[in-house]
Every structure is written in structure tokens, then in C-alpha cells.
Participant: 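Take a look at this one; I'll ask things after.
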Amino acid sequence: MALELFDSKSQELRVFKPLTAGHVEMYVCGPTVQSAPHLGHLRSALVYDVLKRWLEASDYTVTMVRNVTDIDDKVLVNAGVRDWREFAKEVEATFDDAYQKLNILEPTHKPHATEHIEDMVTLVQKLITLGHAYQAEDGSANVFFDTASWANYGELTNQKLENMEGETDASHGRKSPNDFALFKAHKPEEPETAAWKTPWGLARPGWHIECSAMAKHFLGESFDIHGGGLDLRFPHHENELAQSSAAGDRFANFWLHNALVTINGNKMSKSLGNGVSVEDLTKAGSWGAIRYWLLSAQYRSNLDYSESSIRDAQTALDRIVGFLNRTTNTGQVQIDMQHLPAEFKEAMDADLNVPGALAALHERVRAGNTAFDSKDEAKLSECVEQVKAMVHVLGLTFAYQEPLISEELTRQVEDLIQQRHDAKLAKDFARADQIRLELEELGVTLKDMKDVTMWSFNG
RNA sequence: GGUGGAGUGGCUGAGCGGCCCAAAGCAACAGCCUGCAAAGCUGUCAACCCACGGGUUCAAAUCCCGUCUCCACCUCCA
């Protein structure tokens with residue numbers, strides 16, 4: 001079975017076939033570094049991380065670009081009196097930190113908008129030459145895309161120009177309220193560091209042109225997949241598509257849009273201020289649990305957050321981790337498609353049906369536990385290999401590889417466990433129970449197995 | 001007004017014409033294990049049936065029509 005992906009431009013499932021055999025190029029819209037990440041940003045990054053992992057597991061090589069929008073109205077506003085560049089770096093670091101803790105792989109390229117102003121100028125000049133862009137009629141350095149000149153405008157979101165509401169504020173030299181900024185003229189109240197010399201005067205780039213220019217810089221005039229959050233479909237991606245195709249590029253072959261994280265049924269967003277922060281999440285469960293939860297709905301379905309979400313995910317993940325811990329001595333995993341069950345592959349190939357893949361994973365865990373208890377070594381070994389491979393593809397490996405506990409504490413805990421064991425042998429149950437209480441106070445969860453006592457911290 | 005999407009068990013969430021008398025997880029309950037527990041494991045758990053009303057079909061959660069409710073986008077947002 002071949003991988004099928006839902007292309008939101010043609011609004012249908014299409015069999016995925018890369019433009020170049022064996023190689024996939026993808027561009028994903030990364031964050032505007034205006035404030036710390038919330039669950040929605042993490043979900044988006046994670047969706048494309050899993051896609052990349054699945055493509056690689058399917059024997060493709062993948063070039064992935066995920067940009068950083070480090071110059072934007074909001075960045076300047078939120079920086080306040082501080083140097084906006086320093087502020088942007090700081091926010092970006094909080095994203096990188098969260099990505100890393102979630103085990104999101106580094107993209108091949110991580111370009112910053114401010115590093116590609118030249119590319120943007122070149123692209124805009126071309127658009128002007130071709131008659132699809134113009135400098136503001138008021139003579140300022142504002143440059144706009146001429147939507148009326150591009151008959152396909154609206155093709156991505158199936159909208160007609162006359163139905164669009166357009167910009168409501170002052171025109172700034174626009175011909176039409178639907179025209180969007182390619183470059184924004186420098187404003188006196190903004191720092192000079194946030195302005196670049198362009199053929200039209202001092203200006204900074206608009207948001208949309210950044211992605212078109214960076215995609216072209218790294219991937220050329222056409223590439224396989226463009227991904228991003230559903231809320232970026234319009235205007236951001238519509239405008240990207242208009243710019244790039246008006247400049248003569250074929251641009252993306254597939255458009256993927258991940259659905260949003262909701263809370264009480266409503267979108268989680270910066271502007272609504274209902275974002276759940278990283279601090280809140282890590283109180284409820286580990287990073288592994290957060291990753292597991294974010295994967296628990298198919299990427300085109302909304303994912304609704306509630307208080308118990310992460311906690312429930314932790315329990316589910318612990319089942320998988322517990323199975324591997326009690327049956328395996330090593331955290332080493334080789335990715336081997338041979339070991340992936342057919343149900344898992346079918347689910348992943350069906351537009352990345354990760355919940356279906358997780359179902360296959362849990363089924364193997366149960367079969368493995370049964371084999372373990374009945375001492376069916378052959379069956380057990382098969383299940384372990386399968387589970388390891390699936391866990392690896394989903395990027396959950398780190399959840400059982402991470403030794404978070406210091407050596408000192410480990411020694412202390414193991415010493416107490418030994419004392420308790422001795423007390424139990426001497427049938428001094430009062431002493432054994434007392435030690436059990438001490439361990440609980442340390443935040444240790446005991447697991448008395450047949451011959452040994454296993455334990456985990458806050459588990 | 002325009003454009004998309006969604007309504008499935010206590011909760012999360014797959015399935016999108018027959019394999020569905022609806023996956024998986026959580027919760028709940030029971031058993032095993034244990035000195036007793038916890039943890040772990042195993043099992044059980046959707047019967048006027050997949051928002052409601054019609055229709056198509058040999059066959060519908062899945063297709064069509066209508067109704068209701070909800071969400072997203074059309075302004076910055078993953």
C-alpha cells in the first residue's frame with residue numbers, strides 16, 4: 001500500500017509520489033517568535049516531525065525546511081523597550097527547548113527571515129517586473145501584491161475575491177483592500193535595526209513573502225510538501241501560493257494543514273490568550289506523555305485539551321514503556337520496517353492515521369505481555385521487536401531511555417529497597433511498611449515483581 | 001454573506017458502503033500477583049445500534065436530501 005496524503009488544495013486524498021524518486025522536499029511554517037510556545041505550536045511541529053519520520057522509515061531521504069519568522073509586527077511590539085533581535089532569539093530558544101524535549105528532530109534547514117532579505121527583494125522585483133506587484137501609490141516604501149492581476153488568487157482556499165472582506169484599516173497606498181504587503185515601509189517609531197535598504201526605500205518584509213523566498217532558496221521552484229497549521233491557510237498560504245506562482249514557480253505539490261488544538265471546543269491561540277503553557281503541561285505528565293497525547297488524534301482532527309488529557313496519556317504511555325522495561329535490557333532500537341506490523345503500516349500510510357497506529361502498538365503490547373507471562377519466548381521476542389520499531393517510528397523511544405534520576409538518589413532508593421527486602425524475609429512487616437512509606441515520600445513508586453522490586457520516580 | 005470541517009460508549013478517539021453485533025487508550029468493575037497493599041498483568045464493559053428525520057442500496061456510522069447543534073477561516077495566530 002502506498003502513502004496517501006490529504007492535499008488541502010485539491011481537497012482530496014492523493015497517492016503521494018515525490019517529484020524526485022526516493023527523495024522528499026518539504027517546507028513547514030515554523031513559529032513567529034513573538035511569545036513562548038503553547039500546545040498548538042507543538043502539535044504542528046510534531047505532525048510534520050512524524051511525517052518526516054514516516055517518510056524516512058519508508059526509505060525516502062527527506063530535506064525539511066522549517067523557518068523562523070524573527071521579524072514581524074508582533075515581535076517588535078512584544079519586545080517593548082528591549083532590542084527586538086535579542087528578544088526574538090530568546091523566544092526562539094524557548095521553542096527549540098520545547099521541540100527538543102518533545103523529541104522533535106531538527107529540520108535540515110532552519111532559516112531565519114532576517115537572513116534572507118536579499119532573496120525577498122529579488123522575488124519582489126520579479127513580481128513588479130511581471131506586473132503582479134507595485135510600490136505604494138502614496139510613494140512610500142510599501143510594496144503590495146496586486147491581487148487583481150492574478151486570476152488564480154483564492155485557488156488554495158476556494159474563495160472569490162468579491163467575497164473577501166479584505167483589510168479594514170487605512171490603505172497605506174493599496175489599490176485594493178485585498179492587496180497584501182510584500183514590504184512594509186519603515187515607521188519612525190520603529191527601531192532602525194528593523195529596517196533594510198530596498199530599491200523602494202527603508203522597509204521590512206511582510207510575513208508572506210518570507211516563506212516564499214526561503215522555500216525557493218532551499219528547495220527551488222517546486223517541492224513536494226508544504227505544511228502548516230490550518231489557521232495559516234488564509235491568508236498566509238494563499239498569499240504564498242499567489243506570490244510564488246505569479247513569479248512563475250510551481251511551488252508545492254501537496255498542501256498539508258494540521259487541525260488545531262482546542263480547549264473546551266475553542267481554538268487555543270495567542271490572540272485568545274487561552275494557551276496552555278509548557279509549565280502547566282509538565283506538571284501533569286512527562287514530555288513523553290505530552291508527545292503521546294499530541295499524537296492521539298489524527299492530524300486533521302481537532303484535539304481537545306482537558307485537565308485529564310496529559311495524565312491519561314501518561315498512563316497509556318506507561319503501559320508501553322512498562323512492557324519494554326520489563327522485557328528488555330537495552331534501550332537500543334534499530335528501525336526496521338520488517339518488524340512493523342501490517343496494521344501499523346496501513347494506518348500510517350492512510351494519511352498518517354497515528355491513532356490507528358497506536359491501536360496496533362497497544363495490541364502488540366498486550367500480546368507481548370501475555371507471551372511474557374506464559375513464557376512464550378519466541379512470541380515475546382517478536383512482540384518486543386515490533387513494539388520497539390513502532391515506538392521508534394513514532395519518536396517515543398526517548399520516553400523509556402531517559403534516566404532522569406541522579407546516581408546518588410538511585411543508590412539511596414536501592415539501598416532502602418534492599419533493607420525492605422531483608423525485613424520482609426525476616427517477616428518484620430512493620431519495618432517493611434515503614435520503609436515503603438519513606439520511599440513514597442521520596443516520590444518513588446514501587447513495583448514488586450516476582451523476584452525483584454522495580455521502581456520509578458513519580459511514576 | 002462566502003469557504004471549509006465536525007457531531008461515534010462515562011471521557012479521549014479511530015473507522016467513512018459489506019471484515020462494524022464499531023479499533024485503541026483512559027475511567028470503571030473482576031481475577032491473578034502480594035504478608036497486606038500499591039504498581040503491574042489479564043479479563044469484562046457500546047442491544048431500541050454511530051446528532052435527528054427521510055431516502056438510495058441485497059447491504060449504511062459510512063452515499064444522497066432536509067433539520068438541529070458546534071467549530072475554524074475570510075484581521076495577527078501552528
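Both backbone and side-chain heavy atoms feed into the values below; hydrogens, waters and symmetry mates do not.
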Participant: So which atom in A:Leu358 and which in A:Leu295 form the shortest heavy-atom distance, rounded to 0.1 Å?
Facilitator: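 The answer is CD1-O, 4.2 Å.
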Participant: How far does the C1' atom of B:rA60 sit from the matching atom of B:rC65, given to the nearest Å?
Facilitator: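 Taking atom C1' in both B:rA60 and B:rC65, they lie 15 Å apart.
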Participant: Would you measure the distance from the P atom in B:rA51 across to the matching atom in B:rA22 and give it in whole Å?
Facilitator: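 15 Å, rounded to whole Å.
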Participant: Between the protein and nucleotides 42-44 of chain B, are there any N/O to N/O pairs under 3.5 Å, and if so, what are the atom names and distances?
Facilitator:
from, atom 1, to, atom 2, distance (Å)
B:rU42, OP1, A:Arg366, O, 3.1
B:rU42, OP2, A:Arg319, NH1, 3.1
B:rG43, OP2, A:Arg366, NE, 3.4

Participant: Could you list the protein-to-nucleotides 1-4 of chain B atom pairs, N/O on both sides, closer than 3.5 Å?
Facilitator:
from, atom 1, to, atom 2, distance (Å)
B:rG1, N2, A:Asn163, O, 3.3
B:rG2, O2', A:Asn163, ND2, 3.1
B:rG2, N2, A:Gln159, OE1, 3.4
B:rU3, O3', A:Asn158, ND2, 3.0
B:rU3, O2', A:Thr157, O, 3.0
B:rG4, OP1, A:Asn158, ND2, 2.7

Participant: Take atom CG of A:Leu295 and atom P of B:rG25, then tell me their distance rounded to the nearest Å.
Facilitator: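 After rounding, the reported distance stands at 16 Å.
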Participant: Of the options B:rA24, B:rC26, B:rC71, whose atoms approach the side-chain atoms of A:His362 most closely?
Facilitator: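 Comparing B:rA24, B:rC26, B:rC71 against the side chain of A:His362, the answer is B:rA24.
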Participant: Please report the distance separating the C1' of B:rU56 from the corresponding atom of B:rA72, rounded so that it comes out in whole Å.
Facilitator: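 Each nucleotide's C1' atom is 32 Å from the other's.
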Participant: Output the single nucleotide from B:rA78, B:rA24, B:rC26 whose closest atom is nearest the side chain of A:Thr32.
Facilitator: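 Per side-chain heavy atoms of A:Thr32, the pick is B:rA78.
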Participant: Look at the rings of A:Phe218 and A:His116 and say which category their plane angle falls in: under 30° parallel, 30 to 60° tilted, over 60° perpendicular.
Facilitator: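 Perpendicular.
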Participant: Taking NZ, NE, NH1 and NH2 as the nitrogens, is one of them in A:Lys52 or A:Asp49 under 4.0 Å from a carboxylate oxygen of the other?
Facilitator: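 Looking at A:Lys52 and A:Asp49, the cut-off is not met.
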Participant: Can you tell me the Watson-Crick or wobble partner of B:rU67, both distances under 3.5 angstrom?
Facilitator: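 Partner of B:rU67: B:rA51.
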Participant: Do A:Thr397 and A:His392 have side-chain N/O donor and acceptor atoms under 3.5 Å apart?
Facilitator: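 No, because no side-chain N or O of A:Thr397 sits under 3.5 Å from a partner of the opposite role on A:His392.
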Participant: Using whole Å, what does the distance between atom C1' of nucleotide B:rC32 and atom NZ of A:Lys375 come to?
Facilitator: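 About 13 Å, once rounded to whole Å.
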Participant: Using the C1' atoms only, state how far B:rG17 lies from B:rC11, rounded to an integer number of Å.
Facilitator: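 One C1' to the other, the span is 29 Å.
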Participant: Remember a base hit wins even if backbone is also touched, and classify A:Val47 as base, sugar-phosphate or nothing at under 4.0 Å, heavy atoms.
Facilitator: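 No contact.
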Participant: How are the rings of A:His226 and A:Trp255 set relative to one another: parallel (under 30°), tilted (30 to 60°) or perpendicular (over 60°)?
Facilitator: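 Parallel, since the angle between the ring planes stays under 30°.
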Participant: Work out how far the P atom of B:rC49 is from that of B:rU62, and round it to whole angstrom.
Facilitator: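 Taking atom P in both B:rC49 and B:rU62, they lie 14 Å apart.
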Participant: For a quick check of understanding: with a heavy-atom distance under 4.0 Å over all strands, which category does A:Pro37 fall into, base, sugar-phosphate or nothing?
Facilitator: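 Since no nucleic acid heavy atom lies under 4.0 Å of A:Pro37, the category is nothing.
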Participant: Donor-acceptor pair, distance only, cut-off 3.5 Å: does the side chain of A:Thr94 make one with the backbone of A:Val91?
Facilitator: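 Checking the backbone N and O of A:Val91 against the side chain of A:Thr94, a donor-acceptor pair under 3.5 Å is found.
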Participant: Between A:Arg43 and A:Glu363, which residue's closest nucleotide on RNA chain B lies nearer the 5′ terminus?
Facilitator: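 First, find each residue's nearest nucleotide; the 5'-ward one identifies A:Glu363.
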Participant: Given atom NE2 of A:His421 and atom P of B:rU34, what is their separation to the nearest angstrom?
Facilitator: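 Taking atom P of B:rU34 as the reference, NE2 of A:His421 is at 14 Å.
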Participant: So if I take every side-chain heavy atom of A:Leu260 and compare against B:rA78, B:rG35, B:rC76, which nucleotide ends up nearest?
Facilitator: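 Nearest to the side chain of A:Leu260 among the choices is B:rA78.
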Participant: Taking side chain to side chain donor-acceptor pair (under 3.5 Å) as the test, write out the residues that go with A:His38, two or more places apart.
Facilitator: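 With sequence neighbours excluded, A:His38 shows a side chain to side chain donor-acceptor pair (under 3.5 Å) to no residue whatsoever.
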Participant: If we call it a pair only when both distances are under 3.5 Å in a Watson-Crick or G-U wobble match, what pairs with B:rC73?
Facilitator: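 Its partner is B:rG2 (Watson-Crick or G-U wobble, both distances under 3.5 Å).
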Participant: Mind listing the N/O atom pairs, protein and nucleotides 12-15 of chain B, below 3.5 Å?
Facilitator:
from, atom 1, to, atom 2, distance (Å)
B:rG13, OP1, A:Asp304, N, 3.4
B:rA14, OP1, A:Gln298, N, 2.6
B:rA14, OP1, A:Ser301, OG, 3.1
B:rA14, O3', A:Asn353, ND2, 3.3
B:rA14, O2', A:Asn353, ND2, 3.2

Participant: Any idea which of B:rC74, B:rA78, B:rA27 is nearest the A:Phe234 side chain?
Facilitator: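 For the A:Phe234 side chain, the nearest candidate turns out to be B:rC74.
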Participant: Is the number of heavy atoms from other residues, nucleotides or ligands within 6.0 Å of CD (A:Glu307) greater than 12?
Facilitator: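 Check fails, neighbour count at 12 or below.
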Participant: Go ahead and name the base partner of B:rG18; Watson-Crick or wobble counts if both distances stay under 3.5 Å, otherwise write none.
Facilitator: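 Its partner is B:rC58 (Watson-Crick or G-U wobble, both distances under 3.5 Å).
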Participant: To the nearest Å, how far apart are A:Ile417 CD1 and B:rA39 P?
Facilitator: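 Answer to the nearest Å: 16 Å.
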Participant: B:rA24 pairs with which nucleotide, Watson-Crick or G-U wobble, both distances below 3.5 Å?
Facilitator: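 Base partner found: B:rU12.
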Participant: Report the distance from atom CG of A:Asp72 to atom C1' of B:rU75, rounded to the nearest whole Å.
Facilitator: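 In whole Å, B:rU75 C1' lies 13 Å from A:Asp72 CG.
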Participant: Could you give the distance separating B:rC16 and B:rC64 at their P atoms, to the nearest angstrom?
Facilitator: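 Their P atoms lie roughly 15 Å apart.
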Participant: Looking just at side-chain N and O atoms, do A:Asp138 and A:Ser140 make a donor-acceptor pair shorter than 3.5 Å?
Facilitator: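 Result is yes, a qualifying pair exists.
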Participant: Using whole Å, report how far CG of A:Asp179 lies from P of B:rU75.
Facilitator: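 Taking atom P of B:rU75 as the reference, CG of A:Asp179 is at 13 Å.
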Participant: Which residue pairs pass the ring-ring contact (aromatic ring centres under 6.0 Å, His included) test with at least one member in residues 295-324 of chain A, sequence neighbours excluded?
Facilitator: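 Those involving residues 295-324 of chain A are A:Trp293-A:Tyr305.
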Participant: Which residues pass the salt bridge (Lys or Arg N to Asp or Glu O under 4.0 Å) test with A:Asp97, sequence neighbours left out?
Facilitator: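 A:Asp97 satisfies salt bridge (Lys or Arg N to Asp or Glu O under 4.0 Å) with A:Lys101 only.
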Participant: Just name whichever nucleotide pairs with B:rA39, Watson-Crick or G-U, keeping both distances under 3.5 Å, else none.
Facilitator: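 Paired with B:rA39, as far as the under-3.5 Å criterion goes, is no nucleotide at all.
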Participant: Between A:Gln243 and A:Asn239, does any side-chain donor sit less than 3.5 Å from a side-chain acceptor?
Facilitator: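 Distance-only check fails for A:Gln243 and A:Asn239.
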Participant: Start at the 5' end of RNA chain B and walk down; is the nucleotide closest to A:Ala432 or to A:Pro31 reached first?
Facilitator: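 Nearest-nucleotide comparison on RNA chain B picks A:Ala432.
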Participant: Could you check whether A:Gly322 gets within reach of a base, just the sugar-phosphate, or nothing at all, counting any heavy atom under 4.0 Å?
Facilitator: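 If one applies the 4.0 Å heavy-atom cut-off, A:Gly322 turns out to touch nothing in the nucleic acid.
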Participant: I'd like the C1' distance from B:rG10 over to B:rA27, given in whole Å.
Facilitator: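 It comes out at 7 Å once rounded to the nearest Å.
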Participant: Take atom NZ of A:Lys267 and atom P of B:rC76, then tell me their distance rounded to the nearest Å.
Facilitator: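 From A:Lys267 NZ to B:rC76 P: 11 Å.
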Participant: How is A:Asp433 classified with respect to the nucleic acid when contacts are heavy atoms under 4.0 Å: base, sugar-phosphate, or nothing?
Facilitator: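 The residue A:Asp433 makes base contact.
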Participant: Rounded to whole angstroms, how far apart are CG on A:Asp73 and P on B:rU75?
Facilitator: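 So the two atoms are 15 Å apart, to the nearest Å.
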Participant: Do A:Arg326 and A:Asn369 pair up side chain to side chain, a donor and an acceptor below 3.5 Å, judged on atom types alone?
Facilitator: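 Their side chains do contain a donor-acceptor pair, which is all the 3.5 Å distance test asks for.
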Participant: Measure from NZ or CZ of A:Arg66 to the centre of the six-membered ring of A:Tyr48, then state whether that distance is under 6.0 Å and the direction lies within 45° of the axis.
Facilitator: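 A:Arg66 over A:Tyr48 ring: no.
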Participant: Between B:rC29 and B:rA37, how many Å separate the two P atoms, rounded to a whole number?
Facilitator: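 Between the two P atoms, the distance is 15 Å.
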Participant: Heavy atoms only, 4.0 Å cut-off, all strands: where does A:His38 land among base, sugar-phosphate and nothing?
Facilitator: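 Base contact - A:His38 has a heavy atom under 4.0 Å of at least one base atom.
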Participant: Please evaluate the base of B:rA38 for a donor-acceptor partner in the side chain of A:Arg436 within a cut-off of under 3.5 Å?
Facilitator: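 There is none.
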Participant: Would you classify A:Ala359 as touching base, sugar-phosphate or nothing, given that sugar-phosphate means primed atoms plus P, OP1 and OP2, and contacts are heavy atoms under 4.0 Å?
Facilitator: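 It contacts base atoms.
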Participant: Anything under 30° is parallel, anything over 60° is perpendicular, the rest tilted; go ahead and classify A:Phe223 against A:Tyr27.
Facilitator: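 If you compare the ring of A:Phe223 with that of A:Tyr27, the planes turn out tilted.
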